A.B. asks: 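One structure, pasted below without further comment.
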Amino acid sequence: MQVYEIEKTSPLTGKVNTMEIKMNPNDYVRWQKRETNIQDALPYLSVDEREFLMSGISPEDWNELYPASVA
């Protein structure tokens with residue numbers, strides 16, 4: 001496994017986001033080549049990490065758009 005610094009532009013906010021993701025590069029390539037779904041190629045990543053790889057949307061983007069309700 002290697003740590004990669006992935007940079008993507010959020011389609012929701014237009015901000016450039018960066019996330020460090022530890023993954024096997026062969027798994028990433030399998031997904032990029034559309035040989036398998038991301039959840040099958042990279043099951044050890046969190047939901048947030050997989051979402052970021054697919055769309056560029058970070059957990060902070062989601063929190064900004066849908067803040068937690070205050071009771």
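Quick caveat: nothing in here was measured; it's all calculated off a predicted structure.
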A.B. asks: Once rounded to the nearest 0.5 Å, what's the spacing between atom OG of S58 and atom CG of D48?
C.D. replies: 8.5 Å
A.B. asks: Same cluster for V3 and F52 if Ile/Leu/Val/Met/Phe/Trp/Tyr side chains link at under 4.5 Å?
C.D. replies: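 No, it is not one cluster - the side chains of V3 and F52 are not joined through contacts under 4.5 Å.
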A.B. asks: Quick check on the hydrophobic clustering: are L45 and I38 connected, directly or via other members, by side-chain heavy-atom contacts under 4.5 Å?
C.D. replies: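 Yes; I38 is reachable from L45 via cluster members.
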A.B. asks: Would you mind reporting whether N17 and K8 have side-chain heavy atoms less than 4.5 Å apart?
C.D. replies: no
A.B. asks: Show the nearest heavy-atom pair for residues G56 and P11, with the distance to one decimal.
C.D. replies: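 Residues G56 and P11, closest heavy atoms: C-CD, 4.4 Å.
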A.B. asks: So how far is it from D61 CG to E51 CD, rounded to the nearest 0.5 Å?
C.D. replies: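 Going from the CG atom of D61 to the CD atom of E51 covers 10.0 Å.
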A.B. asks: Drop me the distance from W31's CH2 to L42's CG, to the nearest 0.5 angstrom.
C.D. replies: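 Here the interatomic distance stands at 7.5 Å.
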A.B. asks: Connecting only ILVMFWY residues whose side-chain heavy atoms lie within less than 4.5 Å of each other, what is the rest of V47's hydrophobic cluster?
C.D. replies: none
A.B. asks: Using side-chain heavy atoms (C-beta onward) and a distance below 4.5 Å, is Q39 in contact with R50?
C.D. replies: yes
A.B. asks: Distance check, rounded to the nearest 0.5 Å: T9 atom OG1 versus K15 atom NZ?
C.D. replies: 12.0 Å
A.B. asks: For the hydrophobic clusters of this structure (ILVMFWY residues joined by side-chain heavy atoms under 4.5 Å, transitively), does one cluster hold both M54 and M23?
C.D. replies: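 Yes, M54 connects to M23 through the hydrophobic network.
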A.B. asks: Give the minimum heavy-atom separation between M1 and N24, together with the two atoms involved.
C.D. replies: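 For M1 versus N24, the nearest heavy atoms are SD-N, 3.5 Å.
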A.B. asks: Find out whether E49 and M19 are in side-chain contact, i.e. whether some heavy atom of one side chain is under 4.5 Å from a heavy atom of the other.
C.D. replies: yes
A.B. asks: Find out if a path of hydrophobic residues (ILVMFWY) with successive side-chain heavy-atom gaps under 4.5 Å connects L53 to Y44.
C.D. replies: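 Yes, one cluster joins them.
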A.B. asks: To the nearest 0.5 Å, what is the distance between CG (L65) and OG1 (T13)?
C.D. replies: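 So the CG of L65 and the OG1 of T13 are separated by 7.5 Å.
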A.B. asks: Are any non-hydrogen side-chain atoms of I57 and W62 less than 4.5 angstrom apart?
C.D. replies: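 Yes. Closest side-chain heavy atoms under 4.5 Å.
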